[in-house]
Amino acid sequence: MRQCKHSDAVKRMNRPSRLALAVSRPKDGPANIITLGWFMRTSIKPPMFAISVGSTRYSHEILSANRNFVLAIPSVNMAEQTMQCGLQSGRDVDKIKEFNIKTNRGKLTQIPILAEAVANFECKTITQVRSGDHTIFVGEVKYSWQNDDEDIEQLLSIPAMDDRFIELIRKGGFAFGYIKE
Ligand SMILES: Cc1cc2nc3c(=O)[nH]c(=O)nc-3n(C[C@H](O)[C@H](O)[C@H](O)COP(=O)(O)O)c2cc1C
């Protein structure tokens with residue numbers, strides 16, 4: 001064991017990792033989607049999720065004002081859309097329209113759920129905590145949804161050039177794919 005730069009140690013724990021999409025909606029305007037690597041389950045009863053969102057993101061602005069969000073788990077069919085939602089800002093582009101993201105109505109609010117996701121969780125933000133340059137928004141799950149196709153694969157962030165994985169897309173230093181059978 002040797003001491004090293006923080007970023008070098010982080011590289012050793014980083015891949016493969018799960019991805020999520022947080023859908024939020026400003027008062028006047030279309031719903032927006034941000035790609036997240038930093039999210040976790042935080043409670044069983046009631047079910048809760050925490051998401052960590054950078055304070056410069058458009059999603060941060062929306063989540064601070066409208067205290068509801070949908071947490072969607074992307075499927076392999078959403079590789080391109082998940083990449084684009086992580087590389088572009090809703091300040092510049094209507095991501096749902098531009099990237100042809102299929103939505104369904106949810107039950108909790110006007111925020112849509114994502115039709116091609118593996119699962120969707122409609123959440124109400126119950127608390128938030130500043131964490132350095134990010135804010136952790138903790139949401140209580142009010143309604144949960146799963147894809148009708150039970151075999152649909154979950155999209156993962158994967159290591160470069162590793163033949164245990166099928167790579168679907170690579171851009172901006174990120175690679176997404178799934179585990180080989
Ligand atoms: C694989 C991947 C994971 C990411 N994880 C996070 C994250 O956990 N938190 C975050 O604030 N930004 C994360 N980002 C960056 C945002 O998705 C990105 O800045 C996005 O353009 C912000 O969109 P918005 O301005 O519409 O909110 C990630 C990007 C990628 C590609």
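For ligands, and for the atoms within them, numbers begin at 1 and follow the listed sequence.
When the heavy atoms of F174, F39, Y58 are ranked by distance to atom 1 (C) of ligand 1, first place goes to F174. When the options S59, S55, S52, C85 are ranked by their closest heavy atom to atom 20 (C) of ligand 1, first place goes to C85. Among Q88, M83, K95, R57, the residue whose heavy atom lies closest to atom 21 (O) of ligand 1 is Q88. The closest heavy-atom contact to atom 11 (O) of ligand 1, among the options G90, G54, A22, comes from G54.
Proximity to N32 (heavy-atom distance under 4.0 Å) selects the following atoms of ligand 1: 24 (P), 26 (O), 27 (O). Counting atoms of ligand 1 from 1 in the listed order, those under 4.0 Å from a heavy atom of L19 are 1 (C). For ligand 1, the atoms lying closer than 4.0 Å to a non-hydrogen atom of V53 are 11 (O).
Looking at E116 and Q81, their side chains come closer than 4.5 Å, going by heavy atoms from C-beta outward. Residues E61 and R91 have side chains in contact (heavy-atom distance under 4.5 Å, counting atoms from C-beta outward).
Here the rule is side-chain contact (heavy atoms from CB on, under 4.5 Å) with F69, and of T125, T109, I34, V53 only T125 fits it.
The line from CZ of F39 to CD1 of I136 is 14.5 Å long, rounded to the nearest 0.5 Å.
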Check your understanding: Hey, mind stepping through R57 and H134 against side chain to side chain contact (heavy atoms under 4.5 Å, CB included) and telling me if it holds?
Key -> CA-CA 9 Å; R57 318 284 191 231; H134 281 55; 4.2 Å; yes
Check your understanding: Can you check side chain to side chain contact (heavy atoms under 4.5 Å, CB included) on Q154 and R18, steps first, answer last?
Key -> CA-CA 8 Å; Q154 178 179 349; R18 292 170 303 149; 3.5 Å; yes
Practice item. Please step through side chain to side chain contact (heavy atoms under 4.5 Å, CB included) for the pair V23 and N32, ending with a clear verdict. Key: CA-CA 6 Å; V23 192; N32 184 53; over 6 Å; no
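In this structure, the protein non-hydrogen atom closest to atom 3 (C) of ligand 1 is G37 N, 3.6 Å. Nearest protein heavy-atom neighbour of atom 14 (N) of ligand 1: T35 O, 3.3 Å. For atom 25 (O) of ligand 1, the closest non-hydrogen atom on the protein side is S89 OG, 2.7 Å. Here the protein heavy atom with the shortest distance to atom 18 (C) of ligand 1 is G86 O, 3.2 Å. Among all non-hydrogen protein atoms, the one lying nearest atom 7 (C) of ligand 1 is L36 CD2, 3.5 Å.
Residue R91 places every heavy atom at 4.0 Å or more from ligand 1.
Hydrophobic clustering keeps V118 apart from L21 (ILVMFWY residues linked when any side-chain heavy atoms are closer than 4.5 Å, directly or through intermediates).
Under 4.0 Å from ligand 1, not a single heavy atom of I51 appears. Contact annotation for W38 and ligand 1: heavy atoms of both the backbone and the side chain come within less than 4.0 Å of the ligand.
Taking each heavy atom of N66 and R25 in turn, the nearest pair found is ND2-O, 2.8 Å.
Taking the centre of each ring, F49 and F121 come in below the 6.0 Å mark.
In terms of polar-atom proximity, F176 is not counted as a contact of ligand 1, lacking any N or O under 3.5 Å from an N or O of the ligand.
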